[in-house]
**Student:** 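Could you have a look at this structure, given as structure tokens, before my questions?
Residue numbers begin at 1 in each chain, while the letters A, B, ... track the order of the sequences. In what follows, every heavy atom counts, from backbone to side chain, and hydrogens, waters and symmetry copies are set aside.
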Amino acid sequence: MNISIFEQWWLAIEPAVQANTLNFWQFIYKEIYLNVIKDDRWLQYLKGLGVTLEVSFYAILVGLVLGTVLAILRLPQIQHMNARGKGFLPAVGAVVVRALSKFAGLYINIMRGTPLLLQVLIINFGIFGSVRIDKVIVGVIACGLNSAAYVAEIVRGGIMSVEKGQTEAGRSLGLGGIRTMIYIILPQAAKSALPAMCNEFISLIKETSILSYIALTELTKAGDYIRSRTFSAFTPYIVSGLLYLLVVLTLTWLIGKLERRLRNSDH
Amino acid sequence: MTTDIIISVKGLEKHFDEGKLKALRGVDTDIRRGEVVVVIGPSGSGKSTFLRCLNLLEEPTAGTVTVEGVNITDPKVNINKHREKMGMVFQHFNLFPHMTILKNMTLAPCKLLKKSKQEAEEKAMALLKRVGLADRANAYPSQLSGGQKQRIAIVRALCMEPQVMLFDEPTSALDPEMVGEVLDVMKQLAEEGMTMVVVTHEMGFAREVADRVIFMDEGHIIEEGTPEEIFNHPQQPRTQDFLKKVL
Ligand SMILES: Nc1ncnc2c1ncn2[C@@H]1O[C@H](COP(=O)(O)OP(=O)(O)OP(=O)(O)O)[C@@H](O)[C@H]1O
Ligand SMILES: [Mg+2]
């Protein structure tokens, strides 16, 4: 019969397992064998990791786009926008923009001021309570909407760190407000916001673990599930944790590289 | 120089802090095509504010600015179109640090004049040659000296083929040895017939290049005339005082 080296090692310590006389290394091997190797359980971690990465990726995108819009709405010149000229339309336009700005402020406060877990539960059971919908989508929406509030503050800080002269230079060339924002201000804001943004991405990736509460089988839930099968005290959580660590360290490394490249290109 | 008026300013006022600070208190003047106007005056007299009202970087509190017959303070006017015709050069250069020199110069022409990248780059390279910086086309602003940056800022504005150039103390942030190279570019521009409004403390430049000198104080034009009139025979006591201090 063809059995793997892992199986052979397992057979070797099995009597000691039965007799409860494992030494330290044998104990470690038993935990690894039961929680990772047996029945190809490592595949379940990888599947969970895949879900975590998928949710994180799309939630980061949602957070970046929505957060940038919120950040722009919170800029002083938008917050205190005056009607340019007399007449009905400019007046209504200014009122709408100011109202949107107020709403953005309210949104940021609510999302930052309440626990993510509650937001996830409310979105899952409240908004999507009566529809069948992929939990991945629920997770992306919940984590993305939450992250947007933090991203908004980071981007706003980045925008405010760009000198006023940059806007003036763009506008004096004839570029409109939106083009000036896109081509001149945001690229510079992004650069100065990169370290804080990296932090936010890391938090988001780890906080997706909360989605295990709505039965999304991401990395934490995968560990949970294996634990319920193997009755290990906490080994599956360690395995999940190591995988989170791996992802975060990889991301940190990548962003560090990007930062160095940006620093070398201009000042 | 013709008598064709390109910018006409009437009753221009600008207040800050809800009227507590009156930076401009009623300024009237006309800028003629091809004219070089130098604005001088003590710090805080409203020179920058006046210049920035000409392209509406500051929105006037009262009065009108008419550019080529169009009152640009009218909210219905597309101000971006008018700014294309009015280049501006700032004290602190305000080059875009995340773009190469060439990109700095071609961004606006590509987006606004609908020029092809190649067309815009050819124009930019020609201008860079003129100011002796063709070899720095692919450098980033941080790799240039102050004088080089300001020369780039000037040609960046020229890439939009403006009718008027506005300068706000273009040499004030420069080390003394770099002032000359920037003033030379400005002189050359004046000789080619560019309409220019220049706020500066360089009295030598004003004397040599200006067609008209405006002396401002406390938000008013106190006195204006040829460099000869202003520098050699100032009529107003405040002008005399100011010149005594700076000359
Ligand atoms: N954005 C602003 N907010 C409030 N006050 C301002 C603003 N810009 C200018 N001022 C004030 O308006 C007055 C005129 O300023 P301005 O910059 O036009 O003077 P200036 O003649 O250019 O002086 P300088 O030679 O120092 O550049 C000053 O008292 C200044 O403090
Ligand atoms: Mg000034």
Side-chain angles (χ1 to χ4, degrees), chain A residues 76-78 80-95 97 155 158-195 197 258-267, chain B residues 48 51-52 54-59 73-101 103-113 138-144 152-153 156-162 164-166 168 173:
Chain A
Q77 60 265 42
I78 303 280
H80 308 295
M81 187 152 175
N82 287 318
R84 189 160 149 62
K86 292 174 183 55
F88 184 66
L89 272 179
V92 170
V95 168
V97 168
V155 173
I159 291 174
M160 307 248 283
S161 78
V162 180
E163 277 173 50
K164 206 165 140 253
Q166 292 289 311
T167 307
E168 293 185 346
R171 298 306 303 265
S172 77
L173 286 166
L175 293 166
I178 295 174
R179 278 190 168 131
T180 302
M181 185 53 81
I182 292 174
Y183 297 115
I184 296 166
I185 307 304
L186 285 181
Q188 297 181 61
K191 189 177 142 187
S192 73
L194 201 57
M197 203 64 93
L258 181 64
E259 231 171 279
R260 274 190 300 282
R261 234 186 58 195
L262 286 175
R263 199 166 34 221
N264 291 341
S265 70
D266 49 83
H267 53 199
Chain B
S48 296
L51 196 72
R52 293 157 57 82
L54 295 184
N55 66 353
L56 249 60
L57 276 189
E58 271 339 322
E59 204 158 334
T73 52
D74 181 345
K76 287 192 204 71
V77 165
N78 179 356
I79 185 61
N80 295 333
K81 271 277 157 257
H82 280 272
R83 286 187 179 136
E84 288 176 20
K85 295 187 279 188
M86 308 169 88
M88 191 169 208
V89 175
F90 301 85
Q91 182 175 354
H92 295 288
F93 331 126
N94 297 350
L95 296 180
F96 308 134
H98 59 303
M99 297 177 188
T100 62
I101 300 310
K103 193 83 212 297
N104 261 276
M105 296 174 70
T106 55
L107 176 73
C110 284
K111 301 290 171 209
L112 302 172
L113 304 181
N138 293 312
Y140 283 89
S142 60
Q143 299 165 313
L144 304 183
I152 298 294
R156 177 176 71 179
L158 291 178
C159 279
M160 289 298 290
E161 295 163 16
V164 193
M165 286 285 286
L166 311 174
D168 192 0

**Student:** In this structure, are over 12 heavy atoms from other groups packed under 6.0 Å from A/Glu163 atom CD?
**Tutor:**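 No, because the 6.0 Å sphere around CD of A/Glu163 holds 12 heavy atoms or fewer from other groups.
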
**Student:** B/Asn80 versus A/Arg171: any side-chain heavy-atom pair under 4.5 Å?
**Tutor:**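 Result yes, sub-4.5 Å side-chain heavy-atom pair found.
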
**Student:** Ignoring hydrogens and geometry, is there a side-chain-to-backbone donor-acceptor pair from B/Asn94 to A/Ala169 under 3.5 Å?
**Tutor:**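 Pair absent, no side-chain N/O of B/Asn94 close to backbone of A/Ala169.
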
**Student:** What distance do B/Lys111 atom NZ and A/Thr180 atom OG1 have between them, rounded to the nearest 0.5 Å?
**Tutor:**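 Here the rounded value is 12.0 Å.
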
**Student:** Pick one of side chain, backbone, both or neither for B/Arg156, based on which atoms fall under 4.5 Å of a heavy atom in chain A.
**Tutor:**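 Both backbone and side chain.
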
**Student:** Using non-hydrogen atoms and a 4.5 Å limit, figure out which bit of B/Phe90 sits close to chain A: side chain, backbone, both or neither.
**Tutor:**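 Contact with chain A involves the side chain of B/Phe90 alone.
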
**Student:** Can you confirm whether B/Leu107 sits close enough to A/Leu173 that some side-chain heavy atom of one is under 4.5 Å from a side-chain heavy atom of the other?
**Tutor:**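 Not touching, per the 4.5 Å side-chain cut-off.
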
**Student:** Quick one: does B/Met88's side chain get under 4.5 Å of A/Glu168's, heavy atoms only?
**Tutor:**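 Heavy-atom side-chain distance check fails, nothing below 4.5 Å.
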
**Student:** Could you check which of A/Thr167, A/Ile184, A/Val162 has the highest count of heavy-atom pairs closer than 4.5 Å to chain B?
**Tutor:**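 Highest number of pairs under 4.5 Å: A/Ile184.
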
**Student:** Report which part of B/Met86 has an atom under 4.5 Å of a heavy atom belonging to chain A: side chain, backbone, both, or neither.
**Tutor:**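 Contact with chain A involves the backbone of B/Met86 alone.
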
**Student:** Is any side-chain heavy atom of B/Pro97 closer than 4.5 Å to a side-chain heavy atom of A/Gln188?
**Tutor:**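 A side-chain contact under 4.5 Å exists here.
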
**Student:** Using heavy-atom distances under 4.5 Å, tell me whether B/Leu95 contacts chain A through its side chain, its backbone, both, or neither.
**Tutor:**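 Backbone of B/Leu95 only, per the 4.5 Å heavy-atom cut-off to chain A.
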
**Student:** What closest approach, in Å, do B/His98 and A/Tyr183 show between heavy atoms, and which atom pair accounts for it?
**Tutor:**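 Answer, listing the atom of B/His98 first, then A/Tyr183: NE2-O, 2.9 Å.
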
